[in-house]
J.: 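Please read through the structure below; I'll follow up with questions.
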Amino acid sequence: MDNKSYPVIFTLMIPKESKSYKQIYFICFFVLYVLILSINIRLVVVIIMEKVLHEPMYIFLCHLCINGVYGASGFYPKILSDLILDSYVISSHMCALQVFVIYSSLLCEFTILTVMSYDRYVAICKPLDYHTRLTKHTCVKLILFSRIVPTFSVFIATLLSNVRPFCSYHIDKLYCDNWSVVKLSCASSFVNNVYGYIIGVVSISFAVFIIFSYIKLVAACKASLENRRKFWQTCLPHIFSLINFCVAMFFDFMYSRYGANDVPESLRHFLALELVIVPPLFNPLIYGLKIKVLRTFVFTSCAAGRVNVSKKVLKRVHAN
């Protein structure tokens, strides 16, 4: 097959006993996708509608939730259609698009968490300079930075892995990932490895910045009870999100680089899916439940929605 003349078709991993449990798999993935959409969109709407939440920390959280919806949409519609059609194949072009969406959202999540660590550092360590440093223009620049840098980086990586000839056509995963596509090529992966190391060095520099900011935060918390309260209220969700992200990326790295057939299939499925299930689902839950102000507005909006529905129902009953 000529890669330049015809689109290459890849086969994906088939879920274990998919014929027997296809309906169960479909329901599980559908419920997960609906939960991710509803929770993230709920937080986004609350942050946009409530002027009290128009602060840098909540604006960055809103961007994090939007990114979670974006990343989840790169995986769930495809797996749901595969389960319905019982056809676990994907064209090289759609595979490249899926790689781009999923991994640009992941790198974007990391840059957003880096920006949020800077926000918490200024809020706790430099409270008097907070509103002068994190102005609206600065927030816009930070959001653009957290989106443009990962998007451009993943675009180059996806391009490098898809301009090479393919000798194999099976991806041992339920979705496409960049390293799996690289391994299918007949050509040397030297350039891809070098570029991957560059991305790794940049990511490590972000991680060093986050560690440095938290060292400063811990030092500031020792000197003030108020700083300690701010740390436990707003920094703890950030720490949980970082741990969540690092664990997901570690599992994905171990699976992509060292996954083998001698690993139990259930464990292989877990390693492959943890990346697209846990971060977009638990990040909004962590922030929504831990931060008191946000939790209050979310529950208030839910209660208000139920009251409005009840009023409408009562009006209809009285009209009849």
Side-chain angles (χ1 to χ4, degrees), residues 1-19 21-22 25-26 28-30 32-33 70-107 151 153-193 195-196 199 248-249 251-277:
M1 182 180 291
D2 186 0
N3 291 339
K4 296 180 181 179
S5 302
Y6 304 98
V8 177
I9 302 298
F10 298 133
T11 58
L12 299 171
M13 177 194 290
I14 300 175
K16 185 178 181 181
E17 299 181 1
S18 58
K19 292 189 181 297
Y21 299 105
K22 184 169 69 172
Y25 286 142
F26 181 86
C28 289
F29 283 120
F30 181 76
L32 281 171
Y33 189 41
Y70 163 73
S73 298
F75 168 73
Y76 288 94
K78 177 65 174 75
I79 188 64
L80 290 173
S81 67
D82 286 345
L83 290 169
I84 291 174
L85 302 174
D86 199 25
S87 176
Y88 304 92
V89 296
I90 187 170
S91 69
S92 58
H93 304 311
M94 292 304 296
C95 184
L97 179 62
Q98 189 175 53
V99 168
F100 174 76
V101 171
I102 291 175
Y103 285 88
S104 63
S105 72
L106 288 170
L107 283 186
T151 300
S153 302
V154 175
F155 176 78
I156 297 298
T158 306
L159 188 64
L160 288 174
S161 60
N162 281 271
V163 295
R164 298 137 47 89
F166 297 109
C167 294
S168 301
Y169 305 96
H170 178 69
I171 296 174
D172 197 28
K173 239 178 183 181
L174 293 172
Y175 60 92
C176 293
D177 74 287
N178 193 61
W179 187 247
S180 294
V181 175
V182 170
K183 291 192 294 185
L184 298 179
S185 175
C186 311
S188 171
S189 60
F190 175 77
V191 176
N192 302 79
N193 281 322
Y195 187 75
I199 299 297
M249 289 302 294
F251 281 159
D252 182 70
F253 176 80
M254 294 299 293
Y255 183 91
S256 299
R257 298 275 176 159
Y258 305 109
N261 292 328
D262 55 350
V263 177
E265 189 171 359
S266 56
L267 178 60
R268 291 164 62 199
H269 283 316
F270 173 77
L271 293 174
L273 293 176
E274 203 271 350
L275 188 70
V276 293
I277 291 176

J.: How far does OH of Tyr169 sit from SG of Cys95, to the nearest 0.5 angstrom?
T.: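 The SG atom of Cys95 is 13.5 Å from OH of Tyr169, to the nearest 0.5 Å.
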J.: Please report the closest heavy-atom contact between Lys173 and Tyr103, naming both atoms and the distance.
T.: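 In terms of heavy atoms, the two residues are closest at NZ-OH, 3.8 Å.
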J.: Would you compute the distance between atom CG of Leu83 and atom CG of Asp86 and round it to the nearest 0.5 angstrom?
T.: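 Going from the CG atom of Leu83 to the CG atom of Asp86 covers 8.5 Å.
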J.: Enter the distance from Met13:CE to Asp172:CG here, rounded to the nearest 0.5 Å.
T.: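 The CG atom of Asp172 is 4.0 Å from CE of Met13, to the nearest 0.5 Å.
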J.: Run Ser189 and Asn192 through side chain to side chain donor-acceptor pair (under 3.5 Å) and show every step you take.
T.: CA-CA 5 Å; Ser189 60; Asn192 302 79; 5.8 Å; no
J.: Identify the two heavy atoms, one from Ile90 and one from Gln98, that lie closest to each other, and give their separation to 0.1 Å.
T.: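 Closest heavy-atom pair between Ile90 and Gln98: CD1-OE1, 3.9 Å.
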J.: Ile79 and Phe26: side chain to side chain contact (heavy atoms under 4.5 Å, CB included), yes or no, with the steps?
T.: CA-CA 8 Å; Ile79 188 64; Phe26 181 86; over 6 Å; no
J.: Who passes ring-ring contact (aromatic ring centres under 6.0 Å, His included) against Tyr76, sequence neighbours left out?
T.: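 In terms of ring-ring contact (aromatic ring centres under 6.0 Å, His included), with neighbours along the sequence ignored, Tyr76 is linked to Tyr33.
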J.: Where do Val89 and Asp82 come nearest, in terms of heavy atoms and distance?
T.: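 What the structure gives for the nearest pair is O-OD1, 4.3 Å.
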J.: Checking Asp177 against Ile102 for the side chain to side chain contact (heavy atoms under 4.5 Å, CB included) test, could you report, in this order, the C-alpha distance in whole Å, the side-chain angles of both residues, the deciding distance, and whether it holds?
T.: CA-CA 8 Å; Asp177 74 287; Ile102 291 175; over 6 Å; no
J.: Distance-only, no hydrogens or angles: does the Ser185 side chain make a donor-acceptor pair with backbone N or O of Pro165 under 3.5 Å?
T.: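 Side chain of Ser185 to backbone of Pro165: a pair is present.
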J.: Using atom types as modelled and distance alone, determine if a side-chain donor or acceptor of Thr158 lies under 3.5 Å from a backbone N or O of Val154.
T.: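 Present.
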J.: Could you check Tyr175 against Val99 for side chain to side chain contact (heavy atoms under 4.5 Å, CB included), going step by step and ending with a plain yes or no?
T.: CA-CA 8 Å; Tyr175 60 92; Val99 168; over 6 Å; no
J.: How far apart are the closest heavy atoms of Phe10 and Ser168, and which atoms are they?
T.: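 The pair with the smallest heavy-atom distance is CE2-O, 4.2 Å.
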J.: For side chain to side chain donor-acceptor pair (under 3.5 Å), just list the numbers for Tyr70 and Ser104, CA-CA rounded to whole Å, side-chain angles, deciding distance to a tenth of an Å, and then say yes or no.
T.: CA-CA 9 Å; Tyr70 163 73; Ser104 63; 2.9 Å; yes
J.: What are the two closest non-hydrogen atoms of Ser180 and Ile171, and how far apart are they?
T.: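 It is CB-CG2, 3.8 Å.
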J.: What's the spacing between Asn178 CG and Leu160 CG if we round to 0.5 Å?
T.: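 It comes to 8.5 Å.
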J.: Does Leu174 reach the side chain of Tyr88, with side-chain heavy atoms less than 4.5 Å apart?
T.: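 When only atoms from C-beta onward are counted, Tyr88 and Leu174 do not touch, as no gap falls below 4.5 Å.
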J.: Donor-acceptor pair, distance only, cut-off 3.5 Å: does the side chain of Arg164 make one with the backbone of Leu184?
T.: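 No, the answer is negative, given that no donor and acceptor are paired below the 3.5 Å cut-off.
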J.: Report the distance from atom CD1 of Ile14 to atom OG of Ser87, rounding to the nearest 0.5 Å.
T.: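 That separation rounds to 9.0 Å.
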J.: Would you call the rings of Phe29 and Tyr25 parallel, tilted or perpendicular, where under 30° means parallel and over 60° means perpendicular?
T.: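 Judged by the thresholds at 30° and 60°, the geometry between Phe29 and Tyr25 is tilted.
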J.: For the atom pair SG (Cys28) and CG (Leu80), what is the distance rounded to the nearest 0.5 Å?
T.: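 If I round to the nearest 0.5 Å, the distance is 11.0 Å.
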J.: How far apart are the closest heavy atoms of His170 and Thr11, and which atoms are they?
T.: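 Result for this residue pair: ND1-OG1, 2.8 Å.
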J.: Under the side chain to side chain contact (heavy atoms under 4.5 Å, CB included) criterion, do Leu12 and Cys176 qualify, and how do the steps go?
T.: CA-CA 8 Å; Leu12 299 171; Cys176 293; 4.2 Å; yes
